[in-house]
Amino acid sequence: MNNFDYLKSELESVLGWLGEDGGLPKDLDASRVTFELPREASHGDVATNAAMVLSKQVGMAPRDLAQILLTEFEAHDAVRSAEIAGPGFINMRLTDAFWQARLAEVLAAGETYGHSGVGGGATVNVEYVSANPTGPLHAAHGRGAVVGDVLASLLAATGHKVTREYYVNDAGAQVDVLGRSAYLRYLEALGEDIGEIPEGLYPGAYLKDVGQALAAEHGESLKAMDQSEWLPVTKNTAIDMMMAEVREDLTALGIEMDVFSSERAIVAEGKVEAALAVLEAGGHIYQGVLEPPKGKTPDDWEPREQTLFRATAFGDDVDRPLKKSDGSYTYFASDIAYHYDKFTRGSDTLIDVLGADHGGYVKRMQAAVTAVTDGKGRLDIKICQLVKLMKAGVPIKMSKRAGTFVTLRDVIDQVGRDVVRFIMLTRKNDATLDFDLEKVTEESRDNPVWYVQYANARTHSVIRQAAEAMPDLETSDAALGKVDLSPLTDPAEIELIRVLAGWPGMVAGAALAHEPHRLAYYLNDVAGAFHGLWNKGKESPELRFIREDEAVLTTARLALVRATSLVIAAGLGIFGVRAREELR
RNA sequence: GCGCCCGUAGCUCAGCUGGAUAGAGCAGCGGACUUCUAAUCCGCAGGUCGCAGGUUCGAGUCCUGCCGGGCGCACCA
């Protein structure tokens with residue numbers, strides 16, 4: 001909910017009135033009118049572009065229309081002063097009482113301040129991580145994991161019904177490779193010398209455990225079988241063990257999925273055929289021959305008639321194959337079925353959080369979702385760019401072969417889950433992210449996690465100090481919620497309230513745009529505003545939070561301090577980061 | 001060759017779906033600790049928003065074309 005919405009409805013009634021008696025046209029379209037907090041403090045507390053947006057409809061110059069509107073706004077209770085600026089903005093300063101009322105809202109809402117119903121109860125499925133079960137999660141998986149998880153929380157906090165989902169790619173060639181790799185490790189566990197892991201198989205030492213487990217359970221019996229017999233056994237054991245590890249890693253990151261969907265199950269239950277039947281009925285499938293990609297013809301290219309999805313009808317660049325040359329379905333086909341399945345389970349908005357290497361996959365999947373849902377489903381794909389792990393400014397070189405591979409678990413163990421979660425959100429998802437394992441544990445301004453946690457710890461420290469210095473003071477949330485806030489009139493105090501009051505709009509905007517990283521920047525701003533006010537108390541003792549001789553003033557300020565910690569806690573809550581009340 | 005992403009201060013990056021004189025942090029320079037935690041704060045300096053057009057009251061943001069960097073381009077997942 002935007003704090004300025006009510007000013008907009010005031011404007012609309014003003015327009016209605018002016019339309020009846022004031023000589024303006026009736027039924028003006030005010031949909032593009034905004035009321036917002038200007039970036040520039042000198043532009044006041046609220047600015048509106050109303051005069052500029054409406055000038056054409058009204059047939060007046062923006063500044064002339066602004067003059068008319070200005071008179072109406074000046075009469076409003078919450079408006080202390082108003083002026084016309086620039087090309088026709090109306091800048092208003094609001095009364096201290098208005099801001100004090102906003103502060104009261106923070107205290108009344110507590111840690112759910114900023115939660116809203118802007119989502120209107122829409123059902124959203126957020127699919128994230130979805131790493132192939134062929135090895136442990138690495139750092140880049142962690143980014144997608146956090147982005148998806150926090151996006152899900154953000155949507156849940158803003159009136160969406162959210163499903164958190166992981167798609168297990170347990171069908172296809174890659175897990176067969178996994179099964180064969182595990183078989184080698186099985187032989188190794190039985191004492192055979194397997195030498196170098198052949199090219200094309202997974203060399204990772206993490207499969208040794210799988211080999212041990214297979215040996216322990218099956219003894220020598222697998223050796224007597226054909227591959228067609230042992231492969232399902234080694235494959236399934238490997239998948240189960242890998243997924244168990246993935247789940248542990250997710251738990252370590254504080255992530256709890258609602259649903260794990262299996263690709264194999266999608267296929268086995270005939271959902272691929274069902275989804276393709278829908279496409280077929282819509283006339284989106286045909287038999288055809290693709291042109292080779294221009295400028296880069298693969299060596300083994302040969303024209304071939306295959307079953308194609310008419311993706312070009314939905315904005316993709318080429319039509320996409322649904323069946324391989326051997327007649328089996330492509331991964332794309334089962335993925336269409338999977339997305340159709342998510343849609344038919346009740347989510348009209350689907351979000352996929354994918355890694356950078358899936359960039360080329362976006363258009364075709366969106367095309368497919370549009371086609372298979374007859375335009376009713378909407379798919380947003382968030383591509384997470386790479387995470388560059390660093391140590392004290394030096395990039396960490398990673399190579400699976402050389403064994404210098406940094407897993408997500410390594411990172412969590414080194415810097416902690418809260419740090420990982422926060423840092424992953426300090427860049428927008430489509431920009432690469434430098435993650436310096438040393439810098440993020442520094443206790444300094446450079447480290448955004450620390451900076452925000454420190455601000456929060458300070459708020460709690462102030463309230464602890466106050467309770468000690470002034471034992472008669474009521475410092476519980478309930479008490480602070482009823483405090484007389486009228487003593488809060490210093491511009492620096494009002495400024496902090498303005499920042500805090502921006503939280504609900506920030507949450508709603510970030511949720512609707514599917515951009516959780518915005519909250520990290522906002523929290524940094526809140527911390528900055530608070531640290532600034534805290535330091536003002538040094539230069540101007542009358543601004544200190546605790547004034548032992550003035551109980552009314554002190555409690556009002558404690559309410560402001562408490563509101564600050566509530567907003568930080570609300571933000572960290574959505575991030576899934578634990579707020580620290582003390583740092584030492 | 002085609003598609004997607006990126007290009008903003010010396011460096012790392014924001015810029016809230018088109019708003020005003022483009023903002024932070026770091027680095028640089030200058031200040032503030034008998035004090036509610038100085039692990040913090042305040043100030044100064046720093047810009048052709050890659051280039052050129054276009055759309056309109058108004059463009060870092062939208063459109064077109066270039067330049068430069070990254071990624072991906074049947075029958076892998």
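This is a predicted model, so every value here is computed, not measured. In what follows, chains carry the letters A, B, and so on, assigned in the order in which the sequence lines appear, proteins first and then strands, with residues in each chain numbered from 1.
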[N] phosphate, OP1 or OP2, under 4.0 Å from [X] side-chain N/O:
{"X": "A:K324", "N": "B:A74", "result": "no"}
{"X": "A:H514", "N": "B:C16", "result": "no"}
{"X": "A:R320", "N": "B:C73", "result": "no"}
{"X": "A:Q306", "N": "B:A74", "result": "no"}
{"X": "A:K536", "N": "B:C36", "result": "no"}
{"X": "A:R364", "N": "B:G72", "result": "no"}
{"X": "A:Y451", "N": "B:C41", "result": "yes"}
{"X": "A:K428", "N": "B:C13", "result": "no"}

[options]: which one has an atom nearest the side-chain heavy atoms of [X]?
{"X": "A:W450", "options": "B:G19, B:C36, B:U40", "answer": "B:U40"}
{"X": "A:V53", "options": "B:C13, B:G19, B:G25", "answer": "B:G19"}
{"X": "A:D430", "options": "B:C5, B:A74, B:G15", "answer": "B:C5"}
{"X": "A:M52", "options": "B:U40, B:C13, B:G19", "answer": "B:G19"}
{"X": "A:Y454", "options": "B:G19, B:U40, B:C36", "answer": "B:U40"}
{"X": "A:I546", "options": "B:A38, B:C36, B:C76", "answer": "B:C36"}
{"X": "A:L290", "options": "B:C36, B:A74, B:U40", "answer": "B:A74"}
{"X": "A:N535", "options": "B:C36, B:U35, B:C41", "answer": "B:C41"}
{"X": "A:H358", "options": "B:C6, B:C26, B:A77", "answer": "B:A77"}

Say you pick atom [atom1] in [N] and the same atom in [M]; how far apart are they, in whole Å?
{"N": "B:U55", "M": "B:G25", "atom1": "C1'", "result": "36 Å"}
{"N": "B:U35", "M": "B:U40", "atom1": "C1'", "result": "13 Å"}
{"N": "B:A32", "M": "B:C13", "atom1": "P", "result": "34 Å"}
{"N": "B:G23", "M": "B:G47", "atom1": "C1'", "result": "12 Å"}
{"N": "B:G53", "M": "B:U17", "atom1": "P", "result": "29 Å"}
{"N": "B:G1", "M": "B:C66", "atom1": "P", "result": "10 Å"}
{"N": "B:C6", "M": "B:C42", "atom1": "C1'", "result": "35 Å"}
{"N": "B:A24", "M": "B:G69", "atom1": "C1'", "result": "25 Å"}

Salt bridge check, [Y] against [X]: does any charged N sit closer than 4.0 Å to a carboxylate O?
{"X": "A:D316", "Y": "A:R320", "answer": "yes"}
{"X": "A:E515", "Y": "A:K428", "answer": "no"}
{"X": "A:D436", "Y": "A:K391", "answer": "no"}
{"X": "A:D490", "Y": "A:R557", "answer": "no"}

**Item:** First of A:D170 and A:A85 reached from the 5' end of RNA chain B, by closest nucleotide
**Value:**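 Per heavy-atom nearest nucleotide, the more 5' residue is A:A85.
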**Residue closer to the 5' end of RNA chain B, A:S55 versus A:H531 (nearest nucleotide)** =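 Of the two residues, A:H531 wins.
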How many Å lie between [atom1] on [X] and [atom2] on [N], as a whole number?
{"X": "A:Q385", "N": "B:G70", "atom1": "CD", "atom2": "P", "value": "13 Å"}
{"X": "A:Q453", "N": "B:U37", "atom1": "CD", "atom2": "C1'", "value": "15 Å"}
{"X": "A:D525", "N": "B:G15", "atom1": "CG", "atom2": "P", "value": "11 Å"}
{"X": "A:R427", "N": "B:G7", "atom1": "CZ", "atom2": "C1'", "value": "15 Å"}
{"X": "A:Y521", "N": "B:A14", "atom1": "OH", "atom2": "P", "value": "4 Å"}
{"X": "A:L386", "N": "B:C4", "atom1": "CG", "atom2": "P", "value": "20 Å"}
{"X": "A:I463", "N": "B:C36", "atom1": "CD1", "atom2": "C1'", "value": "11 Å"}
{"X": "A:L54", "N": "B:G58", "atom1": "CG", "atom2": "C1'", "value": "16 Å"}

**Request:** If the glycosidic angle is within 90 degrees of 0 it's syn, otherwise anti, so just tell me which one B:U34 is.
**Result:** anti
**Request:** Show your reasoning for whether side-chain contact (heavy atoms from CB on, under 4.5 Å) applies to A:T554 and A:F545.
**Result:** CA-CA 6 Å; A:T554 299; A:F545 298 129; over 6 Å; no
Scan [X] against the nucleic acid and name what it touches under 4.0 Å (heavy atoms): base, sugar-phosphate only, or nothing.
{"X": "A:S444", "value": "sugar-phosphate"}
{"X": "A:V362", "value": "nothing"}
{"X": "A:E263", "value": "sugar-phosphate"}
{"X": "A:R464", "value": "nothing"}
{"X": "A:P87", "value": "base"}
{"X": "A:A61", "value": "nothing"}
{"X": "A:K363", "value": "sugar-phosphate"}
{"X": "A:R458", "value": "sugar-phosphate"}

What I'd like to find out is whether the side chain of [X] reaches to under 4.5 Å of the side chain of [Y], using heavy atoms alone.
{"X": "A:I351", "Y": "A:K382", "result": "yes"}
{"X": "A:I239", "Y": "A:R264", "result": "yes"}
{"X": "A:V462", "Y": "A:W534", "result": "yes"}
{"X": "A:I285", "Y": "A:L279", "result": "yes"}

**Request:** Return the stacking result for B:G72 and A:Y361: yes when the ring centres lie under 5.5 Å apart and the planes under 30°, no otherwise.
**Result:**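 Base of B:G72: not stacked against A:Y361.
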**Prompt:** For the side chain of A:R304 and the base of B:A74, is some donor closer than 3.5 Å to an acceptor across the two?
**Reply:** yes
**Request:** Confirm from the modelled atom types if A:N91 and B:A20 form a donor-acceptor pair under 3.5 Å, side chain to base only.
**Result:** yes
**Request:** Describe, in one word, how the ring planes of A:F332 and A:F309 are oriented to each other, choosing from parallel (under 30°), tilted (30 to 60°) and perpendicular (over 60°).
**Result:** tilted
**Prompt:** How about A:N169 and A:Y331: does a side-chain donor come under 3.5 Å of a side-chain acceptor?
**Reply:**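 Their side chains do contain a donor-acceptor pair, which is all the 3.5 Å distance test asks for.
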**Message:** If a pair means Watson-Crick or G-U wobble with both distances below 3.5 Å, what does RNA chain B look like in dot-bracket form, with | marking bases paired to a different strand?
**Reply:** (((((.(..((((.....[...)))).(((((.......))))).....(((((..]....)))))).)))))....
**Prompt:** Got a sec: does the NZ of A:K324 have more than 12 other heavy atoms crowding it under 6.0 Å?
**Reply:**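 Count over threshold, so yes.
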